[in-house]
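The next block holds one structure in the form of structure tokens; read it before the comments.
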Amino acid sequence: MGPFDVMAWGSALGLGVYFLIGIAFGFILESAGFGDSRKLAGQFYAKDLSVVRVMFTAIITAMLLLFLASSVGLLDYSDIWVNHTYVFADVVGGLIMGVGFIIGGYCPGTSLCSAATLKLDGVFFVLGVFVGIFLFGESVDWIREAWFANAHGRLTLPELFGLPTGIVVLMAAALAFAFFLVMDALQRKFWPKHADTRPWFGKRAAGELQRESFPPSRPKRVSMS
Amino acid sequence: MTLSIQPESASVTQPPREAERTSRPATRPAPYWNQYAAGTALGVLLFLSFYVTGSGLGASGGLQRIVAWLTALVAQNHVNTTPYLAEIAASGKTPLNNWLVVEVAGVLVGGFLSGWLRGRVKVETFRGPRVSDRTRWALALLGGIIMGWGARFARGCTSGHALSGGAVLSAGAWAFMFAVFGGGYAMAYFVRRQWL
Amino acid sequence: MKRWIPLAAGIWIGLGLVITALGQPDPEGLYELRKERYQPRLDERRAFVQPGELLHYMYETSVDLQLIDVRSERDFNLFHLLDSRRLNESELTGIARLEEKPQRLTILIGNGEAAAVRSWKQLTALKVPNVYVLEGGLNHWLDLFNEGRLSTPQPSSPNDPPQLDHLRHAFDQALGARHPDSRPPKTLLKQLSYEPRVQLKTKARKGGGCG
């Protein structure tokens with residue numbers, strides 16, 4: 001029954017597992033185009049929706065698999081790392097990160113992919129992250145109280161709402177779906193020439209699934225027809 | 001026939017939109033993956049990560065260790081006397097010998113591999129058409145600083161906190177996720193020059 | 001409408017319904033799943049702490065001692081150990097949720113052992129570290145201590161049947177923690193012998209994710 005104490009298999013094998021996971025993570029992120037800050041920032045103008053789509057699809061997919069495995073006893077949910085809840089730090093930190101996201105155009109994970117493919121703005125972003133982390137270490141003593149405020153430990157949404165886990169999962173799936181539809185509609189409204197999907201319902205729904213708002217650049221020139 | 005090309009960025013060579021609409025695969029550049037498919041793949045990876053190791057994905061934890069290690073290289077005493085850094089990199093500790101750092105290294109390798117296989121490894125700067133490279137670099141640096149500080153304050157970045165924490169239904173992670181989107185949307189209007 | 005959308009939505013909803021129908025394992029269920037790992041601790045008595053050792057930890061300031069009483073409110077009011085607090089079995093998950101302090105020692109206290117062992121199983125399945133059961137419960141404790149002194153003859157080990165879980169002792173008044181035996185004096189430690197069972201796990205649980 002999962003999860004396993006991977007490091008107990010030997011530090012080489014254990015770290016090897018994490019290395020592979022990291023490779024897969026970076027590979028998927030770059031394949032989805034997250035090395036491009038214009039795509040990432042485009043979320044906040046409803047111009048490019050890859051972050052919303054990828055992130056929420058990933059969350060729901062993982063959630064379904066996780067809780068299914070837990071229900072049938074394949075996975076011990078109490079052994080899974082569940083981020084602890086510190087309401088102040090989560091909300092204020094989240095707002096700060098939202099601001100940093102739109103200014104910088106990346107988040108730490110995607111900036112690594114960007115820097116790995118030699119994008120200069122990605123490199124500068126990663127350097128900034130180093131500086132930011134260092135500054136945090138210097139300032140943590142002054143904000144310690146805020147940093148630990150409203151601690152609720154390993155609080156999960158089912159516990160918070162008093163609802164069965166499965167219901168919360170369905171709610172999350174519904175939320176994700178609604179988000180997809182709304183963002184699609186916003187994109188078609190604000191960027192009609194740019195919209196990369198056609199409506200899900202109705203007559204105009206037929207046709208190509210998705211065009212790319214920010215096609216990746218290629219060294220060769222494409223000839224115009 | 002007029003081509004309606006939107007000049008996205010002066011620094012990126014862009015194929016004409018016509019070529020895309022007529023869907024002749026030979027002339028289209030290697031597209032990014034379908035987004036929902038990529039999301040599903042990422043979700044499966046996230047599940048496997050939890051199933052095998054008990055932890056999700058993440059980046060800022062590894063970066064924090066690298067920062068602590070670098071600081072220790074130049075100022076070991078300072079590290080020893082700062083509790084936040086000391087627990088990671090006090091004298092005698094090996095901050096890099098840790099799964100978080102190894103995972104970050106993997107992300108770099110994986111990102112490079114994916115870009116290299118598709119011909120996307122190229123020195124360039126992504127930016128909107130109305131700003132210069134230099135401005136973009138400065139803003140990327142500033143954004144990174146803000147993000148780095150914020151990621152430690154929130155105890156995770158979007159990969160670790162929002163993605164992984166969200167998947168396991170951590171209440172704080174969901175609050176964080178909404179806050180990130182809120183902050184981004186609120187700020188978007190003021191930095192629109194950089195992107196649009 | 002695109003073909004894959006209803007398919008994907010159907011899969012998501014379908015799996016969600018399956019999860020709802022199957023439900024998540026409760027702490028008892030979780031314990032059963034990992035039983036081989038935990039049951040030996042009970043069978044070999046390694047999860048039980050003897051009164052002498054508890055008395056030692058009551059005065060050991062370096063260890064954060066948490067005494068949890070799982071009995072009824074009535075019994076609690078009659079007598080309870082000093083600085084212990086009463087929780088229903090359903091409130092135990094709240095403890096498991098809060099910040100784990102690796103140096104915190106949790107001792108579960110019942111009249112006998114049955115209720116405390118049930119709670120031990122729950123907390124152990126929820127991965128709370130350093131949880132033990134008071135051997136013999138308060139029945140044995142009160143056999144051993146008598147008005148702030150040791151009883152003579154000293155009862156060696158609890159010989160109550162394991163299912164016995166009501167308070168065997170009688171009280172004229174509900175003294176709660178004001179009773180002298182709620183925290184016997186430190187000097188009695190010299191006269192008490194016990195088998196030390198507590199092994200404090202100091203390593204905090206692996207902090208995963210991005211940190």
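In what follows, chains are A, B, ... by sequence order, proteins preceding strands, each numbered from 1. Note that the coordinates shown come from a computational prediction; the quantities given were computed from them, not determined experimentally.
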Is chain B contacted by the side chain of [X], its backbone, both, or neither, given a heavy-atom distance below 4.5 Å?
{"X": "A:Val17", "answer": "side chain"}
{"X": "A:Glu159", "answer": "neither"}
{"X": "A:Ala69", "answer": "side chain"}
{"X": "A:Phe161", "answer": "neither"}

Taking side chain as C-beta onward, heavy atoms only, is [X] less than 4.5 Å from [Y]?
{"X": "B:Asp133", "Y": "A:Leu120", "result": "no"}
{"X": "B:Phe126", "Y": "A:Tyr106", "result": "yes"}
{"X": "A:Cys113", "Y": "B:Val107", "result": "yes"}
{"X": "B:Leu63", "Y": "A:Leu112", "result": "yes"}
{"X": "B:Gln194", "Y": "A:Arg38", "result": "no"}
{"X": "A:Val129", "Y": "B:Ile145", "result": "no"}

Any idea which of [options] has the most non-hydrogen atom pairs under 4.5 angstrom with chain A?
{"options": "B:Tyr189, B:Trp137, B:Phe176, B:Trp174", "result": "B:Trp137"}
{"options": "B:Gly150, B:Gly144, B:Gly148", "result": "B:Gly144"}
{"options": "B:Val44, B:Leu85, B:Leu46, B:Leu108", "result": "B:Leu108"}

Ring-face cation contact, A:Trp147 with B:Arg152, 6.0 Å cut, 45° max: no

When rounded to the nearest 0.5 angstrom, what is the spacing between [atom1] in [X] and [atom2] in [Y]?
{"X": "B:Ser159", "Y": "A:Leu29", "atom1": "OG", "atom2": "CG", "value": "7.0 Å"}
{"X": "A:Thr117", "Y": "B:Phe112", "atom1": "OG1", "atom2": "CZ", "value": "9.0 Å"}
{"X": "B:Glu103", "Y": "A:Ile23", "atom1": "CD", "atom2": "CD1", "value": "11.0 Å"}
{"X": "B:Asn98", "Y": "A:Leu15", "atom1": "CG", "atom2": "CG", "value": "8.0 Å"}
{"X": "B:Met187", "Y": "A:Leu95", "atom1": "CE", "atom2": "CG", "value": "12.0 Å"}
{"X": "A:Ile133", "Y": "B:Gln64", "atom1": "CD1", "atom2": "CD", "value": "6.5 Å"}

A:Tyr45 side-chain N/O to B:Leu196 backbone N/O, donor-acceptor pair under 3.5 Å: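 Checking the backbone N and O of B:Leu196 against the side chain of A:Tyr45, no donor-acceptor pair under 3.5 Å is found.
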
Backbone of B:Gly43 reached by a side-chain donor or acceptor of A:Thr61 within 3.5 Å: no

Mutual orientation of the aromatic rings belonging to A:Phe44 and B:Tyr185 [parallel < 30°, tilted 30-60°, perpendicular > 60°]: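 Because their plane-to-plane angle is over 60°, the rings of A:Phe44 and B:Tyr185 count as perpendicular.
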
Mutual orientation of the aromatic rings belonging to A:Phe136 and B:Tyr84 [parallel < 30°, tilted 30-60°, perpendicular > 60°]: perpendicular

Closest heavy-atom pair and its distance - A:Met63, B:Gly166: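 That closest heavy-atom pairing would be CE-O, 3.5 Å.
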
Check: A:Phe180 ring centre within less than 6.0 Å of B:Tyr36 ring centre: yes

Side chain to side chain contact (heavy atoms under 4.5 Å, CB included) between A:Asp121 and B:Glu124, intermediate numbers included: CA-CA 8 Å; A:Asp121 54 331; B:Glu124 58 182 339; over 6 Å; no

No-hydrogen, no-angle side-chain donor-acceptor test under 3.5 Å, B:Thr40 and A:Thr57: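 Checked: B:Thr40/A:Thr57 side chains show no N/O donor-acceptor pair below 3.5 Å.
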
B:Trp195-A:Ser37 side chain donor-acceptor pair, cut-off 3.5 Å: no

